[in-house]
There are 2 protein chains.
Amino acid sequence: MSSVDKALRILVHLGDGPASLDDLASALEVHKTTVLRLLRTLAADHFVHRDGAQRYHLGARLFELSSRGLDQHEVRTIAAPHLAAFNAEHGRTTHLSELVGSEIVYIDKLESHDHVRMASRIGLRAPVHSTAAGKVLVSDLPPAELERVLAGTGFARATPNTITTREGYLAELARVREQGWAHDAEENEPSINCIAAPVRGASGRAVAAVSVSVPDIVMNDDALLALVPSLLAVTERISGEHGWRPTPRGHP
Amino acid sequence: MSSVDKALRILVHLGDGPASLDDLASALEVHKTTVLRLLRTLAADHFVHRDGAQRYHLGARLFELSSRGLDQHEVRTIAAPHLAAFNAEHGRTTHLSELVGSEIVYIDKLESHDHVRMASRIGLRAPVHSTAAGKVLVSDLPPAELERVLAGTGFARATPNTITTREGYLAELARVREQGWAHDAEENEPSINCIAAPVRGASGRAVAAVSVSVPDIVMNDDALLALVPSLLAVTERISGEHGWRPTPRGHP
DNA sequence: CAGCATGATTGCGTATACTGCAACCTGTGT
DNA sequence: ACACAGGTTGCAGTATACGCAATCATGCTG
């Protein structure tokens with residue numbers, strides 16, 4: 001195990017909450033002298049912060065880098081006011097995600113107005129085959145990239161509804177291309193339904209997806225599907241601002 | 001230079017934008033073999049992501065950890081809807097900050113509705129002696145902690161208006177205690193004025209500060225000071241929700 | 001106040017992880 | 001085919017990371 005690995009594991013562990021030197025040494029099964037030295041290095045550049053009670057916390061540098069990193073995702077900046085308005089109007093958990101490698105990453109999230117919240121968060125990764133956003137992003141890939149992503153996808157079953165074969169997924173992608181949006185009916189998480197639509201850039205390619213996720217106990221699937229026109233409208237607005245021009249045949 | 005240092009410097013460098021292996025090796029003056037190995041380690045746990053064009057980007061893990069880290073600042077969650085409403089009403093750049101060591105750290109930011117934006121961001125640190133938020137947080141410290149913070153403060157001049165002596169700062173802190181809010185008249189940045197008020201917790205101590213910053217060209221200092229009552233009202237609301245109970249004498 | 005327990009910190013010798021050289025691989029352009 | 005630019009791999013030397021043992025700091029108890 002490299003020292004860089006250990007330092008990163010310290011950061012990941014502190015994501016669960018503040019910890020003492022001893023806590024960290026035990027949790028990581030690394031000698032506390034080693035942990036102290038790593039913490040010293042991390043603290044020197046503000047990646048961690050030690051408080052008056054000798055507890056270590058994730059530090060300001062992480063917040064700063066995250067903020068800078070997210071700012072590098074231009075579509076996020078453009079989408080933000082539109083998503084805020086969409087969320088203000090519909091009050092549902094709304095995500096903006098991008099395809100990264102063979103997974104999607106949530107790069108923005110607007111919370112539901114309900115007391116029932118979703119456990120997702122900015123920075124979390126999710127599988128492409130079982131999420132509506134994943135389907136939207138993958139359905140628009142050129143063939144070579146589609147192959148690459150499919151090769152990196154395990155089609156792991158998350159729920160009884162998960163699509164678990166390449167063939168099944170390709171058929172679903174064709175459906176998504178046809179209708180211009182995607183649906184995930186308890187395929188990624190039990191009791192959670194989701195719809196998603198693409199945000200396009202100047203090249204016409206989907207560069208991000210906007211998705212709306214709702215627990216079944218809050219809103220049934222049919223009611224969620226009624227949001228598709230609004231979702232398509234907001235993604236079209238964002239796309240337009242991101243340089244997308246509809247082809248002369250109009251959008252799907 | 002330790003390998004952990006190098007890895008962290010890679011992350012900091014990528015905060016400025018995506019970079020290739022060669023870019024990073026040159027910028028850090030580290031052999032590219034070493035950089036490649038560090039990038040491998042960072043990528044394995046998603047701290048960085050390499051795209052199809054061999055460019056490295058800050059990765060999802062940073063966003064996730066930042067999100068988790070900020071969630072550990074309970075006052076931020078409580079303050080968020082109140083700050084959003086305050087920002088919707090006044091349209092001025094609004095920050096929530098905490099005292100960390102001898103500096104303040106911005107843990108939330110709401111953007112101005114103007115086209116003139118501030119260069120601050122979540123995660124940035126700022127000096128306590130030249131910021132209104134810093135004055136608010138330090139003015140409420142118990143004597144031993146006040147001494148510790150003052151000992152760690154260089155009173156560096158940022159502008160012609162900066163308070164640069166311990167005595168001057170102590171006098172300003174007394175003023176802040178008296179009036180219950182703080183003011184920074186181009187003390188931290190030229191042409192930027194700022195007001196701040198404390199958010200208190202169950203202990204009655206200031207645990208965070210809400211501040212409003214405005215460039216002089218957008219709003220003059222007098223107009224900014226007119227926002228003090230609204231600022232005190234919102235901080236009182238947040239404080240109440242954070243467990244604060246006014247003392248029988250009422251608040252200052 | 002002294003003693004004890006707990007947790008944090010430091011110095012030292014050495015094992016191992018890190019490092020850079022040199023060679024190789026890949027993709028692109030002429 | 002060759003050249004160039006950028007990325008990647010294997011190897012051996014050594015600088016750095018590591019853990020032991022001792023010390024320091026703090027808080028609690030009798």
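Within every chain, numbering begins at 1; the chains are lettered A, B, ... in the order of the sequence lines, protein sequences first and strands thereafter. Nothing here was measured: the structure is a model prediction, and the numbers come from that model.
The base of C:dC21 lies close enough to the side chain of B:Thr33 for a donor and an acceptor atom to sit less than 3.5 Å apart. Put simply, the side chain of B:Lys32 and the base of D:dG7 share a donor and an acceptor less than 3.5 Å apart.
Comment: A:Arg175 does not engage A:Glu178 in a salt bridge, judged by the lack of any side-chain N to carboxylate O separation of less than 4.0 angstrom. Ion pairing between A:Arg166 and A:Glu147 holds under the 4.0 Å rule for side-chain N and carboxylate O. Salt-bridge check for B:Glu111 with B:Lys109: passed, with a basic side-chain N closer than 4.0 Å to an acidic carboxylate O. Remark: B:Lys135 engages B:Glu187 in a salt bridge, criterion side-chain N to carboxylate O under 4.0 Å. Under a 4.0 Å N-O distance rule, the pair B:Arg121/A:Glu64 does not qualify as a salt bridge.
Shown for residues 3-21 of chain A: residues whose heavy atoms fall under 4.0 angstrom of DNA chain C, namely A:Ser3, A:Ser20, A:Leu21. Residues from residues 34-51 of chain A placing a heavy atom under 4.0 Å of any atom in DNA chain C, listed by number, are A:Leu36, A:Arg37, A:Arg40, A:Arg50.
Remark: P of C:dT19 and CG of B:Leu28 are 12 Å apart, rounded to the nearest angstrom. Rounded to an integer number of Å, the gap from B:Arg55 CZ to D:dG6 P is 11 Å. Between the CG atom of A:Leu24 and the P atom of C:dG7 there is a distance of 14 Å, rounded to whole Å.
In this pair, A:His49 and A:His57 present their aromatic rings tilted. The plane angle is within the 30 to 60° band.
Using a distance-only test at 3.5 Å, with no hydrogens or angles considered, no donor-acceptor pair links the side chain of A:Arg125 to the main chain of A:Val105.
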* Can you list the steps and then say if A:Val136 with A:Trp181 is a side chain to side chain contact (heavy atoms under 4.5 Å, CB included)? -> CA-CA 6 Å; A:Val136 158; A:Trp181 55 275; 5.5 Å; no
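Toward the 5' end of DNA chain C, the nearer of the two residues A:Ser2 and A:His31, judged by each one's closest nucleotide, is A:His31. Along DNA chain C, the nucleotide nearest to A:Asp22 and the one nearest to A:Met1 differ in position, and the one closer to the 5' end is contacted by A:Asp22.
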